[in-house]
Amino acid sequence: MKRRNLLSSLSVLTALSLFGAGSAYAADIYPSKPLLTIVPFSAGGGNDILLRIMGKYAEKHLGQTLTIDNKPGAGGQIGWTLLSKAKPIV
């Protein structure tokens, strides 16, 4: 169970780091809007707790609010599908 949580956390962190990689070349101050973070697991789990802790520090450094949206179900498939169909922040 711990390995599953670790792998899930690493997957979420990798996705978040890839998401922010393109922002280094943005002309405007990034981010200009509040950020939505999709957690494909239920609230109270390891991923949720990790993102809420990271969110406190991210809000200080980014100057925007970080909204965490838990989308549990189907082993994470519901959240990952929602993430893949999300519009990029421009």
- Below 4.5 Å, heavy atoms only, C-beta onward: do Phe41 and Pro72 meet side chain to side chain? no
- Item | Same cluster (ILVMFWY, side-chain, under 4.5 Å), Leu50 and Val39 | yes
- May I have all residue pairs that pass salt bridge (charged side-chain N to carboxylate O under 4.0 Å, His left out) and include part of residues 40-53, sequence neighbours excluded? Asp48-Arg52
- Message: For a quick test of reading the model, state the closest non-hydrogen atom pair linking Ala58 to Leu66 and the distance between them.
- Response: CB-CD2, 4.4 Å
- Item | Minimum heavy-atom distance between Lys33 and Gln64, given as atom pair plus value | C-OE1, 3.4 Å
- Out of curiosity, Ile78 CD1 to Asn70 CG, how far, rounded to the nearest 0.5 Å? 12.5 Å
- Item | Euclidean distance, Gln77 CD relative to Leu82 CG, rounded to 0.5 Å | 11.5 Å
- Message: Ignoring hydrogens, what is the shortest heavy-atom contact between Ile49 and Gly44? Give both atom names and the distance.
- Response: CD1-O, 3.5 Å
- Message: Distance check, rounded to the nearest 0.5 Å: Thr37 atom OG1 versus Leu35 atom CG?
- Response: 6.5 Å
